[in-house]
Amino acid sequence: MTRQPLIFREISALRRAVAQWRAAGETIALVPTMGALHAGHISLVKASRAHATRCVVSIFVNPTQFAPNEDFSAYPRTFEADLAKLAEIGCDGCFAPTAAEMYPQGFSTQVIPGGPALAGLEDRFRPDHFAGVAQVVAKLLNQAQADAAFFGEKDFQQLAVIRRMAADLDIPTQIYGVPTLREPDGLAMSSRNVYLSAGERAAAVTLSQVLCESAEAIRGGAAVASVLSRAEEKIAAAGFALDYFEARNAASLAPAASLADGPIRLLVAAKLGKTRLIDNWAV
Ligand code: PAF
């Protein structure tokens, strides 16, 4: 049986519902998204059930985290289909504010994250991206006043930035990371996968394959530097323009030269045609 989520367009309406639930002894989870919901997002809602009795999914394509040359206007917007998916899973609320509700006239506060936001991964290629993410997530966490918030591990550096930001700003919401959901062939689920042509979609599987075999090789004792350069060659051979393929400490995101610098996380970003894909893998 499907149950339509309550739709909140205004921060005040979201806050009222959350306050009522809390007064009734319930606990609240927030799942921040930019919509174009897929099974990966739904897995975040499912994960929230172990930690809260109510779940609100926010849908907001946040303009401040896109650079002028990025895909803000092309980003898939599928609100009715998203609502149907939320109804199917029995999500309680959907917070879908307008840009004017989020950034009203006169808005002028920036959130400039440091630490993991400067790890030299995504930040090298998207210099203002994490300031936009930190800004909107700080707002969403304050707006929802949830007990817990859920983010995918697919955006591994983003998750680290959000954890750091929430801790530094004393935001009391507990931040949870949820493992990446994958297509049957291993491609990490992403709203941007819809951009891939049939040929690109077939080639895209290379990223997860190379991540998986590189992790196995490092676990088996191969030297990290040679595994990374072999991985770079394979990804380029599949037609990608590689931004980075790196081994980092999973907690600090500092470069990892050997297993002793671990636990290691392998992280990749590469472009296939116009589509930029990211993924990561635990060693
Ligand atoms: O990961 C995303 O979809 C976005 O960066 C987030 C966390 C919803 C902030 O806009």
Side-chain angles (χ1 to χ4, degrees), residues 8 11 14 29-45 47-48 55-67 70-79 81-82 85-86 91 93-99 101-103 107 109-113 116-117 119 121-123 125-144 146 148-167 169 171 173-181 188-195 267 269 275-280:
F8 311 113
I11 299 157
L14 169 68
L30 176 70
V31 176
T33 81
M34 298 203 299
L37 300 182
H38 50 68
H41 297 112
I42 301 305
S43 77
L44 302 180
V45 175
S48 80
C55 182
V56 173
V57 170
S58 66
I59 295 182
F60 179 63
V61 185
N62 173 40
T64 71
Q65 68 189 77
F66 289 81
E70 292 182 347
D71 57 345
F72 173 68
S73 36
Y75 197 83
R77 287 161 173 87
T78 57
F79 189 61
D82 291 349
K85 286 178 186 158
L86 295 180
C91 175
C94 174
F95 176 49
T98 60
E101 178 75 356
M102 291 297 272
Y103 302 112
F107 186 93
T109 297
Q110 312 252 329
V111 179
I112 310 295
L121 296 162
E122 287 301 286
D123 48 300
F125 299 89
R126 308 184 72 190
D128 299 321
H129 173 64
F130 288 125
V133 169
Q135 180 183 56
V136 78
V137 173
K139 284 172 67 66
L140 289 165
L141 294 174
N142 277 328
Q143 289 160 353
F150 294 79
F151 299 88
E153 282 186 351
K154 199 197 100 199
D155 296 288
F156 199 78
Q157 188 180 8
Q158 166 175 281
L159 177 59
V161 170
I162 291 168
R163 283 190 200 286
R164 184 76 256 161
M165 184 269 299
L169 299 184
I171 295 176
T173 307
Q174 184 74 39
I175 307 297
Y176 290 95
V178 179
T180 304
L181 221 67
M189 288 195 187
S190 163
S191 303
R192 290 190 167 99
N193 291 350
V194 297
Y195 299 152
L267 301 105
T275 309
R276 187 168 182 277
L277 299 176
I278 63 172
D279 199 356
N280 62 85

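Values reported hereafter were calculated over all heavy atoms of this structure, with side chains retained and with hydrogens, waters and symmetry mates removed. Counting starts at 1 for both ligands and their atoms, in listed order.
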Exercise for review: Any chance you could measure Arg276, atom CZ, to Arg192, atom CZ, to the nearest 0.5 Å?
Suggested key: 8.5 Å
Check your understanding: So which pairs with a foot in residues 127-137 pass salt bridge (Lys or Arg N to Asp or Glu O under 4.0 Å), sequence neighbours left out?
Key ->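 Every pair satisfying salt bridge (Lys or Arg N to Asp or Glu O under 4.0 Å) with a residue in residues 127-137: there are none.
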Check your understanding: Do the ring centers of Phe8 and Phe95 come within less than 6.0 Å of each other?
Key ->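 For Phe8 and Phe95, the ring centres are not under 6.0 Å apart.
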Check your understanding: Given Gln135, Gln158, His129, which has its nearest heavy atom closest to atom 2 (C) of ligand 1?
Key ->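 It is Gln158 that holds the nearest heavy atom.
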**Study point:** Nearest neighbour in protein (non-hydrogen) for atom 3 (O) of ligand 1
**Key:**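 Going by distance alone, atom 3 (O) of ligand 1 is nearest to Met34 CG, 3.7 Å.
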Check your understanding: So which bit of Leu140 gets within less than 4.0 Å of ligand 1, heavy atoms only: side chain, backbone, both or neither?
Key ->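 Neither part.
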Using a 3.5 Å cut-off and no angle test, enumerate the donor-acceptor pairs between side-chain atoms of residues 35-45 and protein atoms at least two apart in sequence or in another chain.
| from | atom 1 | to | atom 2 | distance (Å) |
| --- | --- | --- | --- | --- |
| His38 | ND1 | Gly40 | N | 3.0 |
| His41 | ND1 | His38 | N | 3.0 |
| Ser43 | OG | Gly40 | O | 2.6 |

**Study point:** Per-atom contacts of ligand 1 with Val136, taking only distances under 4.0 Å to non-hydrogen atoms
**Key:**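 Checking each atom against Val136, I get 9 (C), 10 (O).
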**Study point:** Atoms in ligand 1 with a heavy atom of Gln65 nearer than 4.0 Å
**Key:**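 Matching atoms, with element in brackets: 4 (C), 5 (O), 9 (C), 10 (O).
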**Study point:** Lys154 side chain to Asn280 backbone, donor-acceptor under 3.5 Å
**Key:**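 No, the answer is negative, given that no donor and acceptor are paired below the 3.5 Å cut-off.
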